[in-house]
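Below is one structure, written out as structure tokens, with a few remarks after it.
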Amino acid sequence: MIGFELNDEQRALKDLARRFSEQEIIPRAREYDEKEIFPLDVCEKAFAAGLINFGVPAELGGPGLSILDTCLVIEELNYGCAGISNAMGANDLAALPLLIAGTEEQKRTYLGALTKKLTFCAFAITEPGAGSDVASMATGYRRDGDDYVINGAKHFISNGSRADWYVTFATADRGLKHKGISCFVFPANLPGITRSRMHGKLGQRAADTGEIVFDNLRIPASALVGREGEGFKYAMATFDRSRPTTAAVAVGIAQRALDECLRYSQQRVAFGQPIANFQAVQFMMADMAINIEAMKLLTYKAAWLVDQGQSPNAISSYAKAFGADACMKITTDAVQIFGGYGYMKEYPVEKLMRDAKLVQIYEGTSQIQRVIIARDLLKR
Ligand SMILES: Cc1cc2nc3c(=O)[nH]c(=O)nc-3n(C[C@H](O)[C@H](O)[C@H](O)COP(=O)(O)OP(=O)(O)OC[C@H]3O[C@@H](n4cnc5c(N)ncnc54)[C@H](O)[C@@H]3O)c2cc1C
């Protein structure tokens with residue numbers, strides 16, 4: 001049997017997130033985007049409201065939301081602003097490798113700390129020379145007595161210059177490709193770590209995107225997450241779980257674009273009538289609605305399957321690729337419906353278009369999702 005009804009708890013959660021978005025995010029979105037202001041104040045309020053660290057289990061003091069419930073919240077937060085929501089959501093990405101492969105001690109220390117007071121963490125895999133091609137990473141590690149020593153650099157890391165701790169990935173031998181990669185967790189204030197915020201993003205500008213350099217960073221053996229050489233596997237398992245939530249980012253941005261268009265098209269007059277009367281404009285909005293419905297179905301299905309402990313047929317990649325690409329088209333059409341005003345910063349839709357572009361890039365580009373899907377199709 002298939003059911004599409006949200007239960008009472010899910011409705012309440014969605015309402016809470018919608019109210020938070022309206023009251024705390026939307027009023028700040030434009031200014032924070034323009035000035036690249038990190039939304040610390042919003043994150044503090046989100047922490048108090050239980051709208052951060054969604055996946056941290058209840059036994060560690062977190063909300064312990066399923067991926068599906070997380071998607072419902074993320075959708076509403078991103079309706080308000082994808083940049084501010086990125087700052088709120090990055091903790092969950094970093095929490096996943098620990099939930100997948102961390103020891104009880106690592107979970108207690110790092111995930112437990114997230115729930116005591118507002119702190120941040122970051123998932124750092126991308127490097128200047130290796131993004132899509134994760135297995136080519138240059139950041140290396142070697143064993144030295146009871147320690148590991150890491151050298152290298154990561155960039156484009158969400159909350160990278162803010163994080164209190166990092167989950168990162170390094171290779172013992174680049175020649176081993178994905179089999180050489182291990183995963184580590186450690187505090188961000190250790191000697192040998194320098195970091196800075198990267199500026200000048202096109203969209204999601206309130207979010208902190210950081211660069212981190214590891215210069216003879218020495219960490220204890222207990223910083224290893226899971227088993228040596230299995231880091232690539234944990235990273236891919238992380239993305240399987242996180243991609244439905246990224247698809248939910250796309251749903252939130254797209255829904256906002258449609259709502260803005262519905263409002264504007266009934267007010268803007270051309271040729272003596274509201275532009276909503278023109279079939280060309282109606283069809284663009286109808287296509288937006290069709291796509292948003294399809295995005296939701298795919299997102300919820302992927303999230304639900306992941307929650308059941310399955311991710312067949314690379315379903316998370318379907319949701320992420322379809323959602324990101326549809327969102328880009330929807331927000332571009334929204335600018336079109338607003339005409340010249342759509343191109344100006346005084347109106348909300350140019351920001352939606354800029355924010356949408358990033359969804360096609362992070363957590364694996366739209367092309368990489370298709371690589372994953374095609375590989376799965378061909379091996380069946
Ligand atoms: C704002 C922001 C936040 C981010 N947050 C994080 C984060 O928190 N943690 C983290 O680790 N990373 C993060 N990233 C990095 C992001 O995941 C990478 O940018 C992304 O995976 C693409 O890597 P790249 O930029 O090196 O592009 P490249 O890998 O150089 O790709 C360039 C182009 O080539 C295409 N391409 C590459 N390989 C193939 C192929 N095999 N087949 C077809 N096309 C291909 C790509 O699709 C793309 O169009 C973030 C990035 C940004 C911009």
- Looking just at side-chain N and O atoms, do Tyr362 and Asn86 make a donor-acceptor pair shorter than 3.5 Å? no
- Using a 4.5 Å cut-off on heavy atoms from C-beta on, say whether the side chain of Tyr264 contacts that of Ile275. yes
- Query: How far apart are the C-alpha atoms of Ile361 and Phe156, what are their side-chain angles, what is the distance that settles it, and do they pass the side-chain contact (heavy atoms from CB on, under 4.5 Å) test?
  - Reply: CA-CA 11 Å; Ile361 294 172; Phe156 295 157; over 6 Å; no
- Does atom CG of Asp146 have more than 12 heavy-atom neighbours, drawn from other residues, nucleotides or ligands, at distances under 6.0 Å? no
- Message: Can a side-chain donor-acceptor contact be found between Thr126 and Lys154 if the only test is distance below 3.5 angstrom?
- Response: no
- Query: When you look at NZ of Lys201, are more than 12 heavy atoms from neighbouring residues, nucleotides or ligands closer to it than 6.0 Å?
  - Reply: yes
- Query: Which value, rounded to the nearest 0.5 Å, describes the distance between Thr246 atom OG1 and Ile74 atom CD1?
  - Reply: 7.5 Å
- Task: Flag the pair Glu293 and Lys296 as a salt bridge only when some basic side-chain nitrogen lies within less than 4.0 angstrom of an acidic carboxylate oxygen.
- Result: no
- Message: Is it the case that over 12 heavy atoms from other parts of the model lie below 6.0 angstrom from the CZ atom of Arg375?
- Response: no
- May I ask you to test the Asn151-Asp215 pair for a side-chain heavy-atom distance under 4.5 Å? yes
- Query: Would you call Phe184 and Leu224 a side-chain contact if the rule is heavy atoms closer than 4.5 Å?
  - Reply: yes
- Item | Salt-bridge criterion met for Glu75 and Lys14 (N-O under 4.0 Å) | yes
- Taking the six-membered ring for Trp, are Tyr166 and Phe214 parallel (under 30°), tilted (30 to 60°) or perpendicular (over 60°)? perpendicular
- Is there side-chain contact between Val249 and Ile253, with heavy atoms separated by less than 4.5 Å? yes
- Smallest separation among heavy atoms of Ala135 and Ile181, with atom names: CA-CD1, 3.9 Å
- Taking the side chain as every heavy atom from C-beta outward, state whether Pro39 and Ile25 have any atom pair closer than 4.5 Å. no
- Query: Centres of the Phe169 and Phe123 rings: under 6.0 Å?
  - Reply: yes
- Under the side-chain hydrogen bond (donor to acceptor under 3.5 Å, both in side chains) rule, collect the residues that match up with Gln360, sequence neighbours excluded. Asp325, Lys357
- Message: Any heavy-atom pair between the side chains of Arg205 and Arg354 that's under 4.5 Å?
- Response: yes
- Message: Using a 6.0 Å cut-off, check whether atom CD of Gln273 has over 12 heavy atoms from anything other than its own residue.
- Response: yes
- Task: Find the distance between NZ (Lys116) and CZ (Phe47) and round it off to the nearest 0.5 Å.
- Result: 9.5 Å
- Is the shortest side-chain N to carboxylate O distance from Asp287 to Lys329 below 4.0 Å? no
- Task: State whether a side-chain donor-acceptor pair under 3.5 Å links Glu230 with Tyr234.
- Result: yes
- So, Glu105 versus Ser222: side-chain donor-acceptor pair below 3.5 Å or not? no
- Query: Can any side-chain N or O of Asp147 pair as donor or acceptor with the backbone N or O of Arg218 at less than 3.5 Å?
  - Reply: no
- Query: Does atom CZ of Arg227 have more than 12 heavy-atom neighbours, drawn from other residues, nucleotides or ligands, at distances under 6.0 Å?
  - Reply: no
- Hey, is Asp33 close enough to Arg30 for a salt bridge, meaning N to O under 4.0 Å? no
- Inter-residue atom distance Ile290.CD1 - Met295.CE, 0.5 Å rounding: 13.5 Å
- Crowded around Met198 CE? As in, over 12 foreign heavy atoms under 6.0 Å? yes
- Are the side chain of Gln266 and the backbone N or O of Pro274 linked by a donor-acceptor pair below 3.5 Å? no
- Do Glu24 and Arg28 sit within salt-bridge range, that is, some charged N less than 4.0 Å from a carboxylate O? yes
- NZ/NE/NH1/NH2 to OD/OE distance under 4.0 Å, Glu363 and Arg243: no
Identify all side-chain donor-acceptor contacts of residues 63-72 below 3.5 Å with residues at least two apart in sequence or on another chain.
from	atom 1	to	atom 2	distance (Å)
Ser66	OG	Asp69	N	3.0
Asp69	OD1	Gln10	NE2	2.8
Thr70	OG1	Ser66	O	2.7

- Task: Supply the atom-to-atom distance Ile150 CD1 to Ile219 CD1, rounded to the nearest 0.5 angstrom.
- Result: 3.5 Å
- Message: For the CD atom of Glu44 and the CG atom of Leu40, what is their distance to the nearest 0.5 Å?
- Response: 4.5 Å
- Does a salt bridge link Asp376 with Lys379, judged by any charged N lying under 4.0 Å from a carboxylate O? yes
- Would you give the length of the straight line joining atom CD of Glu9 to atom CG of Leu13, rounded to the nearest 0.5 angstrom? 8.5 Å
